[in-house]
A.B. asks: 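Take a look at the following structure, please.
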Amino acid sequence: MYKFFRPFLFLIDPEKIHALVFGFLRFMSALPGFKAILKFLFLYEHPSLEKKLFGLTFRNPVGLAAGFDKDAKLIDVLACLGFGFIEIGTVTPKPQSGNEMPRLFRLPKDEALINRMGFNNQGVMAAVFRLGKKRSSVIVGGNIGKNKATPNESAYQDYAECFNALYDSVDYFVVNVSSPNTPGLRELQEKAPLQQLLKTVKSLSLQRPVQKPVLLKISPDLTEGQLNDIVEILKATGIDGVIATNTTISREGLQTTGDELNKIGAGGLSGKPLRERSTEVIRFLRKALGPGFPIIGVGGIMSPEDAVEKLRAGADLLQVYTGFIYEGPGFMKRINRAIAETRI
Ligand SMILES: Cc1cc2nc3c(=O)[nH]c(=O)nc-3n(C[C@H](O)[C@H](O)[C@H](O)COP(=O)(O)O)c2cc1C
């Protein structure tokens with residue numbers, strides 16, 4: 001059904017259709033029975049899908065990756081589409097408009113997207129306000145970042161502000177230092193600044209009577225040496241888990257022509273071309289971190305088989321974004337059914 005509509009949806013600018021679909025779903029969700037219909041069509045439940053990780057119980061392992069519902073506008077509707085958890089953000093302390101449009105591009109020949117959104121969001125307090133009205137019990141993660149204008153030396157203050165503001169509204173946190181679209185952000189993945197940042201955020205959690213898990217989201221473009229540094233830091237700072245991976249700046253092996261890519265310009269690539277590298281990073285991390293360390297695998301899951309591959313590589317939970325755009329609202333049901341049938 002979605003595949004029938006997709007060519008029409010793909011005629012419209014990707015950011016415009018995103019906003020239109022959001023508006024439509026928000027309007028429809030006010031109508032009685034709409035969410036029940038979504039659940040009937042798209043939920044897939046099976047006891048074997050339940051997963052306990054860092055003190056939380058996930059109803060299934062397939063989550064919505066950060067960036068889709070940055071401002072927590074649609075949690076209750078998205079929860080009816082079969083996600084086991086939803087990550088909001090990246091949010092920053094102050095609202096910011098992000099980069100100039102156009103900044104989101106489809107690469108249909110590659111089943112991919114390129115984005116240079118630049119952390120457009122309405123600020124952390126807007127998310128806190130909306131999460132206060134949420135009805136669903138779905139697990140929500142808070143992906144936090146820094147404002148573009150904040151220099152890296154004081155970035156930890158932005159992360160701390162978002163962390164404190166969101167504390168009562170989310171179930172886990174993600175420190176995002178891996179977006180390629182905020183100038184200089186990925187430098188925070190270097191050893192010394194990363195250690196300081198993670199120590200700061202983790203200590204904020206430790207000061208609370210009830211602690212919430214803090215995860216780190218990393219880039220797929222790190223070298224083996226940098227990944228080894230990250231493994232060391234994750235262990236030393238007592239961070240609760242890692243999300244691998246964010247989008248890549250690589251353009252290797254694409255079907256989209258060089259001319260088309262030049263026209264699109266800079267940004268992070270997601271979807272099918274990211275799959276292999278992201279799985280490779282997950283496999284590396286699992287080996288280096290050992291069997292018990294929580295890993296969320298994300299990047300290029302475009303089919304149920306891709307999801308199973310990520311779990312076999314060592315991921316405990318998964319997230320999707322581009323696959324959801326290409327495959328539609330039935331995607332999570334298909335993945336969850338495959339996982340239940342494979343009995344991983
Ligand atoms: C349009 C768009 C916006 C994104 N925004 C964020 C973001 O704000 N924070 C973040 O951590 N990741 C963001 N991501 C990255 C995704 O969460 C995910 O890590 C990446 O797209 C790889 O997964 P995929 O291949 O399933 O899309 C964004 C991705 C896309 C396509």
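Both ligands and their constituent atoms are indexed starting at 1 by order of listing. The figures here come from the full heavy-atom set of this structure, side chains too, leaving out hydrogens, waters and symmetry mates.
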A.B. asks: Check this for me: does any side-chain nitrogen of one of Glu280 and Arg277 sit under 4.0 Å from a carboxylate oxygen of the other?
C.D. replies: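 Salt bridge between Glu280 and Arg277, a charged N being under 4.0 Å from a carboxylate O: yes.
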A.B. asks: Side-chain donor-acceptor pair under 3.5 Å between Thr237 and Lys199, yes or no?
C.D. replies: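 There is no such pair between these side chains.
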A.B. asks: Which parts of the protein, at residue level, reach under 4.0 Å of ligand 1 through a heavy atom?
C.D. replies: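 Only Ala65, Ala66, Gly67, Lys70, Gly89, Thr90, Leu104, Leu113, Asn115, Asn143, Asn176, Lys217, Thr245, Asn246, Thr247, Ser270, Gly271, Leu274, Val298, Gly299, Gly300, Val320, Tyr321, Thr322 have heavy atoms that fall under 4.0 Å of ligand 1, ordered by chain and number.
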A.B. asks: Assess the side chains of Asn115 and Ser270: does a donor N or O sit below 3.5 Å from an acceptor N or O?
C.D. replies: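 Distance-only check fails for Asn115 and Ser270.
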A.B. asks: Mark yes when over 12 heavy atoms from residues, nucleotides or ligands other than Lys134 sit less than 6.0 Å from its NZ; otherwise mark no.
C.D. replies: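 Counting neighbours around NZ of Lys134, more than 12 heavy atoms of other residues, nucleotides or ligands fall under 6.0 Å, so yes.
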A.B. asks: Please name all residues satisfying side-chain contact (heavy atoms from CB on, under 4.5 Å) with Tyr44, sequence neighbours left out, ordered by chain then number.
C.D. replies: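 Tyr44 satisfies side-chain contact (heavy atoms from CB on, under 4.5 Å) with His46, Leu49, Lys333, Asn336, Arg337, Ala340 once adjacent residues are dropped.
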A.B. asks: Is there a donor in the side chain of Ser219 and an acceptor in the side chain of Asn246, or the other way round, less than 3.5 Å apart?
C.D. replies: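 Not at all, the side chains of Ser219 and Asn246 share no donor-acceptor pair under 3.5 Å.
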